[in-house]
> 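What follows is a structure written as structure tokens; I'll ask about it next.
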Amino acid sequence: MAAKEPMRVLVTGAAGQIGYALVPMIARGVMLGADQPVILHMLDIEFAAEALKGVKMELIDAAFPLLKGVVATTDVVEACTGVNVAVMVGGFPRKEGMERKDVMTKNVSIYKAQASALEAHAAPNCKVLVVANPANTNALILKEFAPSIPEKNISCLTRLDHNRALGQISERLGVQVSDVKNAIIWGNHSSSQYPDVNHATVKTSSGEKPVRELVQDDEWLNGEFIATVQQRGAAIIKARKLSSALSAASSACDHIRDWVLGTAEGTFVSMGVYSDGSYGVPAGLIYSFPVTCSGGEWTIVQGLPIDEFSRKKMDATAQELSEEKALAYSCLA
């Protein structure tokens, strides 16, 4: 069998914490499969150019068999040229004393420039994953300025929250995390997101059982569990004095791998995707839904029953996203 053609994978903000955790995972085949050669494109700002060189040296020194080339650059056009997958980790972080609008203004200009470069220079059918916060709204800005990239090819990362939800259930029940599936993250990658276990199951010796039935504590599931997943990022910053990097990188790999290679039969995952109005979510927002993937395409899982508690939570996070969208568009004006 002929070897596969290398895929070009862009990581922006590649010299940062998440980038540093992510690039070896990609080079090792964690993202695109153990038989898929890759050429890594790493972009960072001028300030980080030296650090980026160091990351390139380490990638060469690690002698990854699948890694067929490394482009390390501060030039956005060079970085975006010919890429098949773009993982947008770079963004302007919120600093102490900054208003949300200030952060949004900075990110709007970053995502506008990067979207234009992807629009003009990426490979046809390039898949884009936005990781940098505010992820949903950054993805929306990117979509706005890369009109020829199909909306179905632009997504944002809520797989980290999805994996956090699976992790909390597995810890609570003392089961393997691989036996827990079909938790859902609805909405925004922010503290308004709604981690929903109403459709989640656990594989047991006597077949798959609903999470609610096994946990037998609705107060915990509707309260502390939701709050823990919503606030997990802040808890990690408090403990580590830095934001989640290892888990963000790992879940970015999960997101792209499932998108490109497909989800397992009967399993759905959470992705921030362009809303078509499913589940009463306003169309035109990038909102996290349960999806299945096949043939490189995602499809929103339809027809899940939604109770009143869930409806309120789903609407609240949609409301926040509508406000963020309005704020972002006002920054464009």
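Numbers here simply count residues along the sequence, with the first being 1. Source: prediction; values computed, not measured.
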> For Q168 and T228, which I'm curious about, is there any donor-acceptor pair between the side chains at under 3.5 Å?
no

> Tell me whether L129 shares a hydrophobic cluster with L285, the cluster being built from Ile, Leu, Val, Met, Phe, Trp, Tyr side chains joined at under 4.5 Å.
yes

> Are side-chain N/O atoms of S148 and E119 paired as donor and acceptor at under 3.5 Å?
yes

> Kindly indicate whether the side chain of L304, heavy atoms from C-beta on, has any atom under 4.5 Å from the side chain of Y279.
yes

> Without placing hydrogens or testing angles, list every side-chain donor-acceptor pair under 3.5 Å for residues 5-26, not counting sequence neighbours.
| from | atom 1 | to | atom 2 | distance (Å) |
| --- | --- | --- | --- | --- |
| R8 | NH1 | H41 | NE2 | 3.0 |
| T12 | OG1 | V89 | N | 2.9 |
| T12 | OG1 | G90 | N | 2.9 |
| Q17 | OE1 | R240 | NH2 | 2.8 |
| Y20 | OH | E58 | OE1 | 3.4 |
| Y20 | OH | E58 | OE2 | 2.8 |

> Considering all heavy atoms of both residues, which atom of R257 and which atom of V30 are nearest to each other, and what is their separation?
NH1-O, 3.1 Å

> Quick check: does any side chain N or O of S270 sit under 3.5 Å from a backbone N or O of I184, one acting as donor and the other as acceptor?
no

> Ignoring hydrogens and geometry, is there a side-chain-to-backbone donor-acceptor pair from D258 to T263 under 3.5 Å?
no

> Does a side-chain heavy-atom distance below 4.5 Å link V55 with D44?
no

> If you define the side chain from C-beta out and look only at heavy atoms, does anything of L332 sit under 4.5 Å from V108?
yes

> Determine the minimum heavy-atom distance between K325 and G284, stating which atoms define it.
NZ-O, 3.2 Å

> Can you tell me if Q302 has over 12 outside heavy atoms packed within less than 6.0 Å of its CD?
yes

> Would you call the rings of Y287 and F289 parallel, tilted or perpendicular, taking 30° and 60° as the class edges?
tilted

> Taking all heavy atoms of K181 and all of G266, pick out the closest pair and write down the distance.
NZ-O, 3.2 Å

> Can you tell if the side chain of L140 reaches within under 4.5 Å of the side chain of Y111, non-hydrogen atoms only?
no

> Considering non-hydrogen atoms only, spot the tightest contact between C293 and W298 and give its length.
SG-CB, 4.0 Å

> Side chains of D254 and N163: donor-acceptor distance under 3.5 Å anywhere?
yes

> With a 4.5 Å cut-off on side-chain heavy atoms, are I149 and N125 touching?
no

> Is a donor from one side chain sitting under 3.5 angstrom from an acceptor on the other, for N188 and Q193?
no

> Within a reach of under 6.0 Å around CD of E208, are more than 12 heavy atoms found that belong to other residues, nucleotides or ligands?
yes

> Quick one: which of K313, K312, R311 gives a salt bridge (Lys or Arg N to Asp or Glu O under 4.0 Å) with D315?
R311

> Taking the side chain as everything from C-beta on, heavy atoms only, tell me whether V85 gets closer than 4.5 Å to V87.
yes

> Is it the case that atom CD in E213 sees more than 12 heavy atoms from other parts of the structure closer than 6.0 Å?
yes

> So which atom in V103 and which in F92 form the shortest heavy-atom distance, rounded to 0.1 Å?
CG1-O, 3.5 Å

> Give the other cluster members for L66, using side-chain heavy-atom distances under 4.5 Å between Ile, Leu, Val, Met, Phe, Trp and Tyr residues; answer none if it is isolated.
none

> Could you check T317, T158, N136 and say which one makes a side chain to side chain donor-acceptor pair (under 3.5 Å) with S288?
T158

> Is the shortest heavy-atom distance from the side chain of L157 to the side chain of S251 under 4.5 Å?
yes

> Can a side-chain donor-acceptor contact be found between S310 and D307 if the only test is distance below 3.5 angstrom?
yes

> Do D75 and T73 have a side chain donor and acceptor closer than 3.5 Å?
no

> Side chains of S244 and R164: any donor to acceptor distance under 3.5 Å?
yes

> Classify the angle between the aromatic ring planes of Y194 and F309 as parallel (below 30°), tilted (30 to 60°) or perpendicular (above 60°).
perpendicular

> Hydrophobic cluster mates of F47, side-chain heavy atoms under 4.5 angstrom, ILVMFWY only, any path?
I45

> Does a donor on one side chain and an acceptor on the other come within less than 3.5 Å for Q176 and S170?
no

